[in-house]
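Both counts, for ligands and for their atoms, begin at 1 and track the order of listing.
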Amino acid sequence: MSTPVIETEEQQALRAAVAALGKRYGREYFTRVVAEGKHTDDLWAEAAKLGYLGVNLPEEYGGGGGGITELAIVLEELGAAGCPLLMLVVSPAICGTVIARFGTEEQKRQWLPGLADGSRKMAFGITEPDAGSNSHRITTTARRDPETGDWILNGRKVFISGVDIADATLIVGRTEAVSDKGARTGRLKPCLFIVPRDAPGFSRTPITMELAAPEKQFELVLDDVRLPADALVGGGTSHALDSGGEDTGLLQLFAGLNPERIMTAAFALGMARYALGRAVEYARDRQVWKVPVGAHQAIAHPLAQCHIDIELARLMMHKAAHLYDSGDDMGAGEAANMAKYAAGEAAVKTVDQAVHTLGGNGLTAEYGLASMITAARVARIAPVSREMILNFVSHQSLGLPKSY
Ligand SMILES: Cc1cc2nc3c(=O)[nH]c(=O)nc-3n(C[C@H](O)[C@H](O)[C@H](O)COP(=O)(O)OP(=O)(O)OC[C@H]3O[C@@H](n4cnc5c(N)ncnc54)[C@H](O)[C@@H]3O)c2cc1C
């Protein structure tokens, strides 16, 4: 797989070093961990020690001082080696970014060094059973206890990844905004809370997924979860949500979305590259007529198309990461959505084609490709579905009217 020319020497060196680490663990390690119901702790710890997990976080809080470009390189290369680390999307990319950009000084000091050195993880919970793709409809609410100033959270979340292995979950809720003079406005605004794993009233139930992955998905219930005032990202009061006359909670949420989409693209592309690699190897060797099966164009051309799709999606991912890292949040939005779309589609198509290339072996546990069919679909559905991206492009880029 070629290295994009737009990368700096440092980025190319990072890519090569992460690829070497991934190769040392490889798919066998990942498959074994999943089969044993364990987590990729060894790989996580070694990647952390080498400084790869917090490569995007600020240096003053123990991070590498790089951008989402670097973190995407880490995820893509580990995925291409057969070891995608889903928690990289959530912990340093979404939660780390939101806290680095909007957290109070205390929150930054409390969380960023641990997220950067991998000793702590944070999950991210926005999806709700009755809201789904329509996150305007979420009903998890936070109200203040007037006596103590504590926050009290109630609600439900679904499909939240890695809550069991995360020290806390960044929960997206809503609270009533108050005016500058402290009066109630009746208006609900989004707000983000850091909810510790073992907070009383915060319970989780694993969802049985047909996914071969070490990270589990959970349904969460928040039943009068009482949190101190400083659990609110960015400040202790809901006045903080009104500062600058802007919806600060909404800005915080948006700050996490571009990294989330860019990292999902990296996740999908790593997986697609891994599957393509296995298929090409097989197609070169397997011979049932006079030539290897890869010489038949019916097998070669779809693989070539997958390669093209992957490379095009990588270019868009680089564009999105570049725009994001240069501070252009708005410009990055369209590119990040398109990169996530293109990468998700490339992953679904490539894994399917890889399975087919191996014939019967495509469905054996020994080759381990069939289970990737479900894994590849994740990138089409989450964190925002293919259709919602097509909606975004229809409305935002093309100016077409909305159907909903
Ligand atoms: C493996 C996995 C891990 C996840 N991890 C997390 C996590 O860590 N944190 C978190 O918050 N969430 C997580 N999610 C949830 C994920 O973000 C949602 O599944 C996703 O946003 C889609 O929501 P939904 O499942 O409710 O589908 P729905 O919203 O019910 O959509 C169902 C179908 O209808 C389509 N649809 C919906 N609205 C429209 C429309 N207006 N126009 C056209 N089509 C439409 C969708 O594209 C989809 O195909 C995870 C999901 C999975 C599968």
Side-chain angles (χ1 to χ4, degrees), residues 34 75 79 84-98 121-140 153 155-174 190 192-195 197 202 204-222 252-254 256-257 259-261 263-265 267-268 271 336-337 340-341 344-345 347-348 351 371-396 398 400-404:
V34 172
L75 181 56
L85 298 183
L86 181 67
M87 289 309 278
L88 276 183
V89 179
V90 186
S91 193
I94 307 177
C95 301
T97 300
V98 170
K121 295 190 195 84
M122 201 181 276
F124 177 71
I126 182 168
T127 309
E128 294 190 3
D130 297 329
S133 300
N134 185 0
S135 42
H136 298 290
R137 222 168 128 177
I138 64 171
T139 56
T140 294
L153 268 65
R156 276 169 71 205
K157 298 284 175 189
V158 72
F159 295 126
I160 312 306
S161 301
V163 184
D164 55 332
I165 51 169
D167 299 81
T169 302
L170 190 62
I171 291 282
V172 183
R174 306 171 85 193
L192 278 72
F193 289 93
I194 301 171
V195 182
R197 182 178 45 207
F202 184 43
R204 57 175 187 268
T205 310
I207 302 171
T208 308
M209 307 288 285
E210 297 225 4
L211 265 178
E215 305 83 8
K216 310 264 175 296
Q217 278 68 46
F218 293 87
E219 176 162 359
L220 306 178
V221 175
L222 296 110
Q252 293 174 356
L253 194 54
F254 280 134
L257 296 188
E260 179 186 59
R261 284 151 176 60
M263 289 295 282
T264 306
F267 181 84
M271 198 184 312
N337 272 299
K340 156 28 224 185
Y341 173 92
E345 294 310 298
V348 169
V351 168
S371 67
M372 290 180 71
I373 290 179
T374 349
R377 304 291 291 216
V378 174
R380 185 184 266 174
I381 295 169
V384 52
S385 71
R386 170 178 63 177
E387 289 69 32
M388 292 313 289
I389 293 182
L390 293 174
N391 285 334
F392 174 91
V393 172
S394 307
H395 310 142
Q396 304 293 325
L398 306 182
L400 290 169
K402 263 187 166 180
S403 69
Y404 55 93

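- Counting heavy atoms closer than 4.0 Å to ligand 1, residue Arg386 contributes nothing at all.
- Ile381 contributes atom CD1, which lies 14.0 Å from atom CE of Met388 (distance to the nearest 0.5 angstrom).
- For ligand 1 and Pro383, the ligand atoms under 4.0 Å from any heavy atom of the residue are 17 (O), 21 (O).
- Listed by atom number, the atoms of ligand 1 under 4.0 Å from Met388 heavy atoms are 38 (N), 39 (C), 40 (C), 41 (N).
- Shown in contact with Val378 at under 4.0 Å from a heavy atom are these atoms of ligand 1, numbered in order with element: 1 (C).
- The protein atom (non-hydrogen) at minimum distance from atom 24 (P) of ligand 1 is Gly132 CA, 4.1 Å.
- Neither the backbone nor the side chain of Lys157 has a heavy atom within less than 4.0 Å of ligand 1.
- For the atom pair CZ of Arg137 and CG of Asp130, the computed distance is 7.0 Å after rounding to the nearest 0.5 Å.
- In this structure, Phe254 places its CZ atom where only 12 or fewer heavy-atom neighbours from other residues, nucleotides or ligands lie under 6.0 Å away.
- Considering every non-hydrogen atom in both Ile165 and Met87, the closest pair reads CD1-CG, 3.9 Å.
- Protein heavy atom in closest approach to atom 53 (C) of ligand 1: Met209 CE, 4.1 Å.
- Annotation: atom 52 (C) of ligand 1 to nearest protein heavy atom, Ala382 CB, 4.1 Å.
- Nearest protein heavy-atom contact of atom 8 (O) of ligand 1 is Ser161 N, 3.0 Å.
- Looking only at side-chain heavy atoms (C-beta outward), Ile194 and Leu170 come within less than 4.5 Å of each other.
- Within 4.0 Å of atom 3 (C) of ligand 1, at least one protein heavy atom is present.
- Taking 4.5 Å as the limit, some side-chain heavy atom of Val348 sits within range of a side-chain heavy atom of Arg377.
- In this structure the side chain of Val195 never reaches within 4.5 angstrom of the side chain of Leu220, judged on heavy atoms.
- Under the 4.0 Å criterion applied to side-chain N and carboxylate O atoms, Arg156 and Glu128 are not assigned as salt-bridge partners.
- Listed for the Arg197 side chain is a donor-acceptor partner under 3.5 Å among the backbone atoms of Asp164.
- Of the candidates Thr127, Ile138, Val158, Ile126, it is Thr127 that places a heavy atom closest to atom 18 (C) of ligand 1.
- In summary, of the residues considered (Thr169, Thr127, Ile138), a side-chain contact (heavy atoms from CB on, under 4.5 Å) with Lys157 occurs for Ile138 alone.
- Set against the non-hydrogen atoms of Glu387, the atoms of ligand 1 under 4.0 Å away are 43 (C), 44 (N), 46 (C), 47 (O), 49 (O).
- Those atoms of ligand 1 with a heavy atom of Ile381 less than 4.0 angstrom away are 19 (O), 20 (C).
- The protein does not reach atom 34 (O) of ligand 1 closely, with no heavy atom under 4.0 angstrom from it.
- Only the side chain of Asn391 comes within 4.0 Å of ligand 1, judged by heavy-atom distances.
- Side-chain atoms of Val98 and Phe124, non-hydrogen and from C-beta on, never get closer than 4.5 Å to each other.
- Between the side chain of Lys340 and the backbone N or O of Met263 there is no donor-acceptor pair closer than 3.5 Å.
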Quick one: do Val384 and Ile389 satisfy side-chain contact (heavy atoms from CB on, under 4.5 Å)? Show the steps, please.
CA-CA 7 Å; Val384 52; Ile389 293 182; 4.0 Å; yes

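- Protein heavy atom closest to atom 9 (N) of ligand 1, with residue, atom name and distance, is Phe124 O, 2.8 Å.
- Scanning the protein for heavy atoms near atom 50 (C) of ligand 1, the closest one is Phe159 O, 3.4 Å.
- Atom 28 (P) of ligand 1 has Ser133 OG, 3.7 Å as its closest protein atom, hydrogens excluded (heavy atom only).
- Every N/O-N/O distance between Leu211 and ligand 1 stays at or above 3.5 Å.
- Polar contact check, Asn134 against ligand 1: no nitrogen or oxygen pair lies under 3.5 Å apart.
- Residue Ser385 holds the heavy atom nearest to atom 47 (O) of ligand 1 of all those in Ala213, Ser385, Ala375.
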